[in-house]
Structure formats: structure tokens, C-alpha cells
Amino acid sequence: MAPEVNLAQLRALVAVADTGGFGAAADELGISQSAVSHAVAALERVLGAPVLLRGTPARPTPLGEQVLPHARTAVASAAAVRAVATRHSGGLTGTVRLAAPTTVCQTLLPGLLRDWKAAHPQVTVRVFEGEDAELATWLAAGTVDAAVLVDAGPPPPGAVALGADSMHALLRRDHPLAGQRSIHVAELEDDDFLLSEGGCERHIRESYRRAGTRFTPRHRIRDLNTLIGMVHAGVGVSVMPALALTMVPADCVLVPIRPAVHRTLTLTGPAGRPWSPAVTGLLAAVRAGAGAGVGAGA
């Protein structure tokens, strides 16, 4: 009888693809690096072709890219079966890969992780920080099991609305506009504008479009902490979500902008496949109030 693909092989493939290396995959799976290498090699023998390009980082081959979605589904289904059995016996366990935007990771997420640990100590949550546009793709592809999505449209059943987050101007406290109750975006035209590329650009452009004001950012900054540091140093001004308030140093301020624009935050599992019991349990804990403080800054 010809050898068949097994779950250990698929689990090794997914781990290497997600972590970018055999050593990191071994740490992730709690086995030796040699065991990971043997599992991937065995999978390649069964399939008759390589599934990974050995390098730094390791990357899927074209065949590997085609196999990965099916491998993720198989690994997730096996984990769900184990979790169902555990729940049936009275407990909740497993690992949840959760993706969220930077502002959520820096502000809301620490409280959620604390409360989830208290409510479900046998559930491990692994956090993946990403840009707004990446998160839905990761969730749909099975790279993560749950995500905090921005302006995601109608949520699937069981999703949790975390609130609406408004856009604010970020200024040094000694800026002439820092004491105003709100700032029209046209008032920022005399300053060098620092644009965050972390996902809020479309919200910022929407405010300027509604105001009929030309939008000409001077600098484009990917990392939010870098952007805050540049405003703090007096390089320019910016616009960011109010949720970022806890990240702002004492000598900077956030002031609401006009026209006002908002983004909605939704914690959800995937729309196209069943949620694992661990994901369902974590979201149920938030709905039940275990995530007290969700929506702060909204």
C-alpha cells in the first residue's frame, strides 16, 4: 500500500510556513527540529515534489502554496475535535491564533488576554499584530483562528462588537491648536503631515475628502511608535485613532477632527468555516463581560 499523508506531516508544514524556519517550527510544536525536518521530508516523498524552499526564511513552493490551505483545514479540524472532546469532559483547551491591529494590541488586548487567562487558563492565545487590510486575509486563509477586524461589514453570528473608534489629530502640547475642543482638518495644512500606513489612511483621506481639503502628507511612516516619536520630536502632526491615547506621551495630545470619521472594531472567527470551541469560548467570555473595559477610547 502506498504511503499516505498524515496529520503530523501537515502540522509540520503549517508550522514551518507560519514561523519561517524549522527551528522555530520545532519550538512551536514542542518537538525536535529533526522531527520537523523528517515530517516535511516524508510529506514531500508522498507528494513526489518539494513543498518548502529551504532558506531564511523557509517559504512554500508553488505546490506547497496549493497544499497549505488544505493542511491548515486539516490541522484546525483535528484541533477542534480535540477541543470538543475536552469541552465534553468539562474543560476548554487549545491554542487560538488571534490577529489584531497595532492600536488594539497596545491597548485593548492586554486586558482581554488577562481576562481570558482567568476565565480559561487552559487556552493559549498567540497574538499576531498586523495592518487593518491584512487581518481579514489572514482569517480567511486560516493563518489565524480569530481576528479584530476594522470596518468588516455585517459580522458572522457569534462575533463581538468592540465599539467605534474615532479619528483624532496628534499634536505636541505646545502646538497652537492643542487646546481646541476639535480641529478642522483644513487647520492642519500649515504643518508637515505624518501619515501612518498601518491601516487608517482611508479614514484620514475620507475626512479630508468630505472637507474638500487637499491632502498632502509629507512623510509616510509604517510603525505607529515611530510616528508618535516624530510628532513628539516636533517633526510634524498626524491623525490616528483615539484608541491610541495610552500610547501618546504626556507632552502630546489627541484632539477630535472635523469632519468626524470613525472605524468599527469587531472580534470574530472566520466567516467561511466552523469556529473552534476555544474561539467560541473566548468570544463568549467577552460577551459575558470578562473583557471589561472593551470599547475604551471609542
Mark yes or no for whether [X], through its side chain, and [Y], through its backbone, hold a donor-acceptor pair below 3.5 Å.
X: R126; Y: V144; result: no
X: R210; Y: A260; result: yes
X: T93; Y: Q122; result: yes
X: T280; Y: S276; result: yes
X: S207; Y: P259; result: yes
X: D165; Y: L243; result: yes

Any ion pair linking [Y] and [X] (charged N to carboxylate O, less than 4.0 Å)?
X: D132; Y: R202; value: no
X: R54; Y: E44; value: yes
X: D18; Y: R72; value: yes

Exercise for the section: Please say whether more than 12 non-hydrogen atoms of neighbouring residues, nucleotides or ligands are located less than 6.0 Å from CZ in R59. Expected result: no
Nearest-0.5 Å distance, [atom1] of residue [X] to [atom2] of residue [Y]:
X: I257; Y: M240; atom1: CD1; atom2: CE; result: 11.5 Å
X: C200; Y: E206; atom1: SG; atom2: CD; result: 13.5 Å
X: L194; Y: T226; atom1: CG; atom2: OG1; result: 10.5 Å
X: D191; Y: H175; atom1: CG; atom2: NE2; result: 3.5 Å
X: L113; Y: T124; atom1: CG; atom2: OG1; result: 11.0 Å
X: H203; Y: R263; atom1: NE2; atom2: CZ; result: 7.0 Å

Exercise for the section: Kindly assign one of parallel, tilted or perpendicular to the pair F193 and Y208, based on the angle between their ring planes and the thresholds 30° and 60°. Expected result: perpendicular
Handout entry: Stepwise side-chain contact (heavy atoms from CB on, under 4.5 Å) check, L188 with L177
Key = CA-CA 9 Å; L188 300 175; L177 301 175; 4.1 Å; yes
